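Structure record follows, encoded as structure tokens.
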Amino acid sequence: MASAADFSEQNFDYIIIGGGTTGLALASILSTNASVRVGVIEAGLRKDDEMILVPGQSSSLDPEYDWNLVTKPQPFAQNRKMSIPRGKVLGGSSALNYMAYCRGSELEHNDWEKLGIKGWSWDTISDAIKSAEAWSPPTRHAKEHHADNVAENHGRYGYVKTTAYSYYYDLVLPFFDTMNKLGVVTNQSEASGDNIGIWTYTASIDPQTNTRSYSTNAYYDRVSNRPNIVVLTGAQASKVIFRQTSSSDLQATAVEYHKGGRTYKVPVRREVIISTGALQTPQLLELSGIGNPDLLRRLNIPAQIDLPGVGENFQDHPRVYMGAELKGSHETTDDLNSETFAQQRLEQYRLSRTGMLSSTLSTLVFIPSSSFITPDKMRSMLSTLDEALKLPQIQNSPWKKWYDVQRAWLENDGIAQLEVILFPFYTHLGCANEKAKHYAISVFLQHAWSRGHVHATSSSVLDSPEIDSAMLDSPGNIDMMLLLEAVKYAFKIMKTGALGDLTAEIIEPKPSWSDEQLMDYIRSNVDSGLHPIGTASMLPRSANGVVDNELKVYGTTNLRVADASILPIHLGTHPQATLYG
Ligand SMILES: Cc1cc2nc3c(=O)[nH]c(=O)nc-3n(C[C@H](O)[C@H](O)[C@H](O)COP(=O)(O)OP(=O)(O)OC[C@H]3O[C@@H](n4cnc5c(N)ncnc54)[C@H](O)[C@@H]3O)c2cc1C
């Protein structure tokens, strides 16, 4: 770690802006070449405390670890502003997340080529994810909860320690029974490129200590004593500075940053890599003069590179929660609302690394549209969607290929359209019978059609960007139609098999509600699935791309982006493993 003034006087070959999930992984790997010097600028501080390291603690709920970013009011969701937590600590969002370490599907990755992206097939991505991973086989107890045990799907000699949790809520096995009865297969090889089914996930957790493995302790700590890597924390980068080269491309020569009320500038010899995440990377590009020239003019930022795709193509996994009351007594995370109980579980964890706090949720379901939508309903939804897709603004849009790929995925049984998670808690506890125990089913659209944006609001990095997730604003109202079917499917889950037997009452929404009432509920409940991507997409420049397939920003010789913002189209999975890869 360095002081702000010392950092500015160093000669770095590479400067990485953002010491988060992707940024620290990259910094660590670049520094293996002893002949290059790597500098990292991170806005957050290092905080290796229990809020981060104890899996069952939720640092994401603590504003001190978070950027506290919110969307603008969402007109299709009752004008609500939605919060999207992002880690403002060394390690970024890998310090906050639920640690699911999972992959998308072979089919999705191989279709990236149809968008004009070469070199990012499933085989390449899967090998990269494996090389990032240091997997340990699940315990017998985890295997009894259907944890993935196929060694060849995992890497053994990488950086991020992974294994299945050792603690399971008593709702997990009933959930398997229910999903199997609904025709969803148990998939104990979910990392193979086929992630359809119900499975217990591999988590980014160190099996020796039962603590979070994240980019700070997995990557940075291995290399922090090397003389050729320097990390500056608590400093916010404000722009990249360029010079014109003899070609028309710009060359990044320095990075400007703020710390302690002062502004500094650090020169760079080879490359600058922006790794500030999908909500902040577009802002930094715009502050550096890269983006839509009209928007830059309005913000009084001199335009350097005309790239209208900067900040566009925002995608997320919209989610809706539904709550139910349980019969009988169960341990759920709502118990942690009692200070005494929480203290007991923390003591148990500190003493033996066991119990509720050694785990988070553990089981995920990924299903294609045919698993939760009847053929008749699907036909009618597709006919409305296809009419909407004929509109000239879509047919002539630079994103056209992207729409074609996503349309085909809707009818592909190998591609997950919906994720279902059973949470051992209920978010609306206040309106339920507080003496009873509860669970929530949440449904997440994996390939929402809404496209939002993230843009700078002024020429200062200290002003939060405008985030418009365009929630539920989709062609043919398809996102709402998909969520409506998903909610109805969740009612079936709550009534079927062993979980159904344990369910005393579905609290909200009610199965008896009309479609109109259910849609109102969706509008009032839908939220970010915490997986924003796409705002500096890797796509051809003619298709509104921001970076090429080597992650280099168009129009520059040496500026790259490496974080969730480069993913051009969402994957039916959680993103961290792909980002490490
Ligand atoms: C509560 C929660 C639960 C989640 N659960 C899962 C899960 O179980 N599995 C999964 O795969 N994914 C999960 N995710 C998503 C996943 O963690 C993120 O997609 C991923 O970590 C994003 O990585 P990134 O490198 O793009 O950005 P980040 O890891 O967010 O890194 C960006 C870094 O840049 C820094 N930064 C920003 N602006 C500046 C600036 N101007 N100057 C300097 N530094 C700056 C930030 O402080 C941060 O450290 C979850 C996310 C959250 C918030």
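Because the structure is a prediction, the values reported are computed rather than measured. Residues: numbered from 1 along the sequence shown. Start at 1 and go down the list; that is how both ligands and their atoms are numbered.
Expressed to the nearest 0.5 Å, how far CD1 of I441 lies from CZ of F423 amounts to 9.5 Å. Once rounded to the nearest 0.5 Å, the distance linking OG1 of T211 with NZ of K161 reads 8.0 Å. Atom-to-atom distance recorded for I274:CD1 and S565:OG is 8.5 Å, nearest 0.5 angstrom.
Proximity to D563 (heavy-atom distance under 4.0 Å) selects the following atoms of ligand 1: 25 (O), 26 (O). For ligand 1 and A564, the ligand atoms under 4.0 Å from any heavy atom of the residue are 26 (O). The distance from ligand 1 to the heavy atoms of G87 drops below 4.0 Å at these ligand atoms: 46 (C), 47 (O), 48 (C), 49 (O). Remark: ligand 1 atoms within the under-4.0 Å shell around heavy atoms of G20 are 29 (O), 31 (O), 33 (C), 49 (O). For ligand 1, the atoms sitting less than 4.0 Å from at least one non-hydrogen atom of S94 are 21 (O), numbered in the order shown with element in parentheses. Using a 4.0 Å cut-off to heavy atoms of T22, the atoms of ligand 1 that qualify are 24 (P), 25 (O).
Crowding of R156 atom CZ: a count of heavy atoms from other residues, nucleotides or ligands under 6.0 Å exceeding 12.
Note on ligand 1: V89 sits in its first shell, one or more heavy atoms being nearer than 4.0 Å. At least one heavy atom of W67 sits less than 4.0 Å from an atom of ligand 1. Distances shorter than 4.0 angstrom do not occur between any heavy atom of G23 and any atom of ligand 1. For the ligand labelled ligand 1, residue A235 lies inside the 4.0 Å heavy-atom shell.
Selection from P532, G18, S275 by nearest heavy atom to atom 32 (C) of ligand 1 gives S275. Distances from atom 3 (C) of ligand 1 to the heavy atoms of N97, T281, I84 show the closest one on N97. Among C102, S238, A237, the residue whose heavy atom lies nearest to atom 42 (N) of ligand 1 is A237. One option in S93, A100, G529, G92 has a heavy atom closer to atom 30 (O) of ligand 1 than any other, and that option is S93. Of the listed options L279, L530, L567, L462, L530 places a heavy atom closest to atom 2 (C) of ligand 1. When the heavy atoms of G277, G19, A25 are ranked by distance to atom 27 (O) of ligand 1, first place goes to G277.
The N/O atoms of A43, backbone and side chain alike, include one that comes under 3.5 Å of an N/O atom in ligand 1. Looking at ligand 1, you won't find any N or O of P85 less than 3.5 Å from one of its N or O atoms. For ligand 1, one of its N or O atoms has an N or O atom of Q576 under 3.5 Å away. Of the polar atoms of L96, none of the N or O atoms is found under 3.5 Å from an N or O of ligand 1, judged by distance alone. The shortest N or O to N or O distance between E42 and ligand 1 is below 3.5 Å. Checked against a 3.5 angstrom limit, the closest N/O atoms of M99 and ligand 1 fall inside it. Looking at K88 next to ligand 1, no N or O pair under 3.5 Å apart turns up.
Judged purely by distance below 3.5 Å, without hydrogens or angles, the side chains of H317 and H570 pair a donor atom with an acceptor atom. Side-chain contact check for S166 and T139: no donor-acceptor pair (N or O, by modelled atom type) lies under 3.5 Å.
Among pairs with a residue in residues 559-570, those fulfilling salt bridge (charged side-chain N to carboxylate O under 4.0 Å, His left out) read E271-R560, at least two apart in sequence or across chains.
In summary, of the residues considered (Y219, Y159, Y214), a ring-ring contact (aromatic ring centres under 6.0 Å, His included) with Y580 occurs for Y219 alone.
A ring-centre distance under 6.0 Å is not found for Y165 and Y167. The aromatic ring centroids of F7 and F12 lie less than 6.0 Å from each other.
Ion pairing of E64 with K47 is present here, as a side-chain N (NZ or NE/NH1/NH2) and a carboxylate O approach within less than 4.0 Å. With respect to the salt-bridge test (charged N to carboxylate O, under 4.0 angstrom), the residues R212 and D48 do not qualify. Here D13 does not pair with R37 in a salt bridge; the nearest charged N to carboxylate O distance is not below 4.0 Å.
With sequence neighbours excluded, no residue satisfies ring pair (Phe, Tyr, Trp, His ring centres under 6.0 Å) with W449.
Residue contacts with ligand 1, taken as heavy atom pairs separated by less than 4.0 Å, involve R86 solely via side-chain atoms from C-beta onward.
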